[in-house]
Amino acid sequence: MNRIFWAGDSTVQTNDYSTFPQNGIGQVFPIFLKEGYRVENHARNGRSTKSFLDEGRFETIKEQIGEGDFLFIQFGHNDEKKEDPARYTDPASSFRENLRLFVDAARSRNARPVLITPLERRCFDEEGRLGQGAHGDYVAAMKQAAREWDVPLVDLHGMSRAALEKAGEVKSRSWYMFFERGEYEEHPEESRDNTHLRYAGAVKFAGLIARGLRELGGVYGGMIIDG
């Protein structure tokens, strides 16, 4: 059975009852896969490329990943946190350098790396227009790296922005942890979280990644994505 190893942050991680109703993209992605593929989700809340590496989380992946496997690399949300030196990376230097470590390690083990640009936040203004967000420099850096290193890239950032603009401010609330007090017994307080996802959002954006992989064709889409 071929495996998809996923390195990323809270938008991807697998959640349990303690964080319900939060869901991550990697958590629901198996519903889009053909038989014979499974997700090994190593994404964790709050991680950047720097902290993921510094904490040794990538070492676990390197010990397990092998020929025919995939490595999905999806970061950006926490790399941009300038106030936190344990996580911040410069998009033009250290962010690219870290991405290169992921890519080279996968290739050295005959696995297939895929770069995935960060999910857009639900950043509507008071007039209901989608703002620019904060990921731009990291998206550009990842796209440039993909071109230079000949790595397949799925532009989740661009696709998620298009989906948010189409849905609008109100409808898109159901995708994120944005809900009223008392809506969930397990999470009785209101939430105005425009970054983390509920099940509907995780499925929506996992579907966009599946579409992006399908558009890449070959082993990146035709072999692993169902439908």
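Quick note: numbers below take in every heavy atom, side chains included, and nothing from hydrogens, waters or symmetry partners. Position 1 is the first residue of the sequence; numbering continues from there.
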Is R47 paired with E55 through a side-chain N to carboxylate O contact shorter than 4.0 Å? yes
Heavy-atom side-chain contact between I116 and W6 under 4.5 Å: yes
Exam field: side chain D16 to backbone T14, donor-acceptor pair closer than 3.5 Å: no
Applying the 4.5 Å side-chain criterion to the ILVMFWY set and letting contacts propagate, would V39 and V114 be lumped into a single cluster? yes
Grab the two heavy atoms, one from P152 and one from P113, that are nearest each other, plus how far apart they are. CD-O, 3.6 Å
Within the 4.5 Å heavy-atom criterion, are K62 and R109 side-chain neighbours or not? yes
Distance-only donor-acceptor check, side chains D193 and S191, under 3.5 Å: no
Between the main-chain N or O of L153 and the side-chain N or O of D155, is there a donor-acceptor pair closer than 3.5 Å? no
Are there more than 12 heavy atoms of other residues, nucleotides or ligands under 6.0 Å from atom CD of E126? no
Among L119, V12, I25, side-chain contact (heavy atoms from CB on, under 4.5 Å) partner for I209: I25
When you measure from the side chain of N78 to the backbone of R87, do you find a donor-acceptor pair of N or O atoms at a distance under 3.5 Å? no
Atom pair CG/CZ of L53 and F102 - distance to nearest 0.5 Å: 4.0 Å
Please tell me whether L33 and L216 are part of a single hydrophobic cluster in this structure, the criterion being side-chain heavy atoms less than 4.5 Å apart. yes
Flag the pair E180 and R192 as a salt bridge only when some basic side-chain nitrogen lies within less than 4.0 angstrom of an acidic carboxylate oxygen. yes
Flag side-chain contact, heavy atom, 4.5 Å: L213 against F32: no
Distance-minimising heavy-atom pair for G66 and R3: N-NH2, 3.9 Å
Find the distance between CG (L115) and CG (L99) and round it off to the nearest 0.5 Å. 6.0 Å
Check: E120 main-chain N/O paired with S160 side-chain donor or acceptor under 3.5 Å: yes
Does atom CD of E186 have more than 12 heavy-atom neighbours, drawn from other residues, nucleotides or ligands, at distances under 6.0 Å? yes
Please determine whether side-chain contact (heavy atoms from CB on, under 4.5 Å) holds for the pair Q22 and R198, giving the CA-CA distance in whole Å, both sets of side-chain angles, and the decisive distance to 0.1 Å. CA-CA 5 Å; Q22 184 176 333; R198 286 189 273 176; over 6 Å; no
Within 45 degrees of the axis of the six-membered ring of F178 and under 6.0 Å from its centre: does R122 put its NZ or CZ there? yes
Mind checking whether M142 and F95 have side chains closer than 4.5 Å, heavy atoms only? yes
Nearest-0.5 Å distance, NZ of residue K50 to OG1 of residue T89: 9.0 Å
Within the 4.5 Å heavy-atom criterion, are R38 and P30 side-chain neighbours or not? no
Any side-chain heavy atom of L156 sitting closer than 4.5 Å to one from P118? no
Compare every heavy atom of S174 with every heavy atom of A200, then report the nearest pair and how far apart it is. CB-O, 3.8 Å
Any chain of hydrophobic side-chain contacts (each under 4.5 Å) joining V151 to V154? no
Would you say T49 and Y138 make side-chain contact, with heavy atoms under 4.5 Å? no
Can you tell me how far NE2 of H196 sits from CZ of R121, rounded to the nearest 0.5 angstrom? 8.5 Å
One should read off an interatomic distance between K204 NZ and Y176 OH, to the nearest 0.5 angstrom, of 11.0 Å
Where does the angle between the aromatic ring planes of H157 and H135 fall among parallel (under 30°), tilted (30 to 60°) and perpendicular (over 60°)? perpendicular
Here the pair of heavy atoms bringing K171 nearest to A167 is CB-O, 3.4 Å
Within this structure, what is the CE-CD distance for the pair M159 and E215, rounded to the nearest 0.5 Å? 7.0 Å
D69 side-chain N/O to A111 backbone N/O, donor-acceptor pair under 3.5 Å: no
Any Q74 side-chain heavy atom under 4.5 Å of T11 side chain: yes
Going only through I, L, V, M, F, W and Y residues with side-chain contacts under 4.5 Å, is there a path from L164 to V139? no
Is there a side-chain contact (heavy atoms from CB on, under 4.5 Å) between R173 and F124? Walk through the geometry before answering. CA-CA 11 Å; R173 294 177 183 179; F124 290 94; over 6 Å; no
Matching residue for H187 among F20, Y17, F179 - test: ring-ring contact (aromatic ring centres under 6.0 Å, His included): F179
Do you know the tightest heavy-atom contact between F29 and A206? CE1-O, 3.5 Å
Residues R161 and C123: closest non-hydrogen pair is NH1-SG, 4.4 Å
For W149 and D104, run side-chain contact (heavy atoms from CB on, under 4.5 Å): C-alpha distance rounded to whole Å, both residues' side-chain angles, the deciding distance at 0.1 Å, then the answer. CA-CA 10 Å; W149 308 336; D104 287 351; over 6 Å; no
Do the charged groups of R100 and E97 touch, with an N to O distance under 4.0 Å? no
Cluster question for you: counting only ILVMFWY and a side-chain heavy-atom cut-off of under 4.5 Å, with indirect links fine, are L197 and M177 together? no
